[in-house]
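Some notes on the structure that comes next.
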2 protein chains.
Amino acid sequence: MTSETYKKPDYEKALRKAGIRITRPRRVILSILGETDDHPDALEIFRRAVAIDSSISLSTVYRTMKLLEGLGAIHRHAFEGGPSRFEQAVGEHHDHLIDMESGDVIEFHSEKIEQLQNEIARELGYEIVHHRLELYGRRIK
Amino acid sequence: MTSETYKKPDYEKALRKAGIRITRPRRVILSILGETDDHPDALEIFRRAVAIDSSISLSTVYRTMKLLEGLGAIHRHAFEGGPSRFEQAVGEHHDHLIDMESGDVIEFHSEKIEQLQNEIARELGYEIVHHRLELYGRRIK
DNA sequence: CTCCATGCAAAGTGTTTGCATGCTC
DNA sequence: GAGCATGCAAACACTTTGCATGGAG
């Protein structure tokens, strides 16, 4: 991604509307989330944030992630054996394929699988609130 | 499930064959795992173990779980927002539906979903090593 | 009688929180 | 100015580990 004027929801405006103060740390963190396509963890976000403003603390990163998660602006993923990783909540729902070697995350979506999940839950007498589907795999040579 | 003489793989024999010592704590923990149908966490296993032999320590529970996991005798599940929960590795592979209110776990299996997962991974150039599919839901009244 | 397994306490990891201060609205 | 947000350090929940002792083979 070279262009920066791409999909960039205006979170600042949205947050302000939600009565949330736009502070320097929040602005920095939002800009980081807006520009990445990967799924960084809190420490990685912290590192990138510190590079922009060295006074930002890790607690603020965690607090901001929690805040944004509550607003539905980001999603938190707890992939196996690692810290939570975050992504901006833009676009459609999707699931994840995790490259076990590199940790890279590939997004995918299957309407068929979603339907099957709903059927299964219904048969068991449940309605799904949310689900988690993660494929852990290796690149085929 | 009322009968206790049901599916009960002889883990002691298997462990002995693997060159692993059968100690009192291990015997106790194995008996607990063999008799439960739920998905207890380490602390719950510890509680049940202490009721049988009060000298067992939580570290031993954790160590034993790790050992058994390595041997493929149990599976570890990290459901959302809680400690790892364990289950005996008997029977076929299955996925889990978690009752968000009670924490109860219902097992299910869908061959169709498994196939779709494989197709998706293949298309992305990956082979699946394992996957995680969890449905979080509420009972329909 | 040799090692592996244990209990205990301490350390480790990722995350949250209390508190005094600082900055947005 | 009023009150939310911050940095810092301490607390937290879960899990692992070092070490000296104990017990299975």
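Chain letters run A, B, ... following the sequence lines, proteins first and then strands; every chain starts at 1. Basis for what follows: all heavy atoms, side chains included, without hydrogens, waters or symmetry-related copies. Worth saying up front: this structure is predicted, and the values here are computed from it rather than measured.
- The residue L43(A) sits apart from the nucleic acid: no heavy atom pair falls under 4.0 Å.
- Listed nucleotides dG7(D), dC25(C), dT15(C) differ in distance to S57(A); the shortest reach to its side chain belongs to dG7(D).
- Closest heavy-atom contact between G72(B) and A89(B): O-CB, 3.3 Å.
- R85(A) contributes a side-chain N or O that, together with a main-chain N or O of H39(A), makes up a donor-acceptor pair within less than 3.5 Å.
- With dG7(C), dA5(D), dT15(D) as the candidates, the nucleotide lying closest to the side chain of I20(A) is dA5(D).
- Taken to the nearest 0.5 Å, the CD1 atom of I98(A) stands 10.5 Å off from the OH atom of Y126(B).
- Between Y62(A) and the phosphate of dT16(C), there is no side-chain N or O to OP1/OP2 separation shorter than 4.0 Å.
- Side-chain atoms of H131(B) and Q117(B) form a donor-acceptor pair, as typed in the model, at a separation below 3.5 Å.
- Close to dT6(C), at under 4.0 Å from its OP1 or OP2, lies no side-chain N or O of S59(B).
- At dA24(D), none of the side-chain N or O atoms of R26(B) fall inside 4.0 Å of OP1 or OP2 (strictly under the cut-off).
- For T23(B) and dT6(C), the shortest distance from a side-chain N or O to OP1 or OP2 is below 4.0 Å.
- Taking side-chain N and O atoms only, K66(A) has a distance below 4.0 Å to OP1 or OP2 of dT16(C).
- With dC25(C), dT15(C), dT6(C) as the choices, the nucleotide that has an atom nearest any side-chain atom of T60(B) turns out to be dT6(C).
- When the side-chain nitrogen and oxygen atoms of R16(B) are compared with OP1 and OP2 of dG25(D), one or more of them lie within a distance under 4.0 Å.
- Which of dC4(D), dC8(C), dT15(C) sits closest to the side chain of R63(B) comes down to dC8(C).
- With hydrogens and angles ignored, a donor-acceptor pair under 3.5 angstrom links the side chain of R21(B) to the base of dC3(C).
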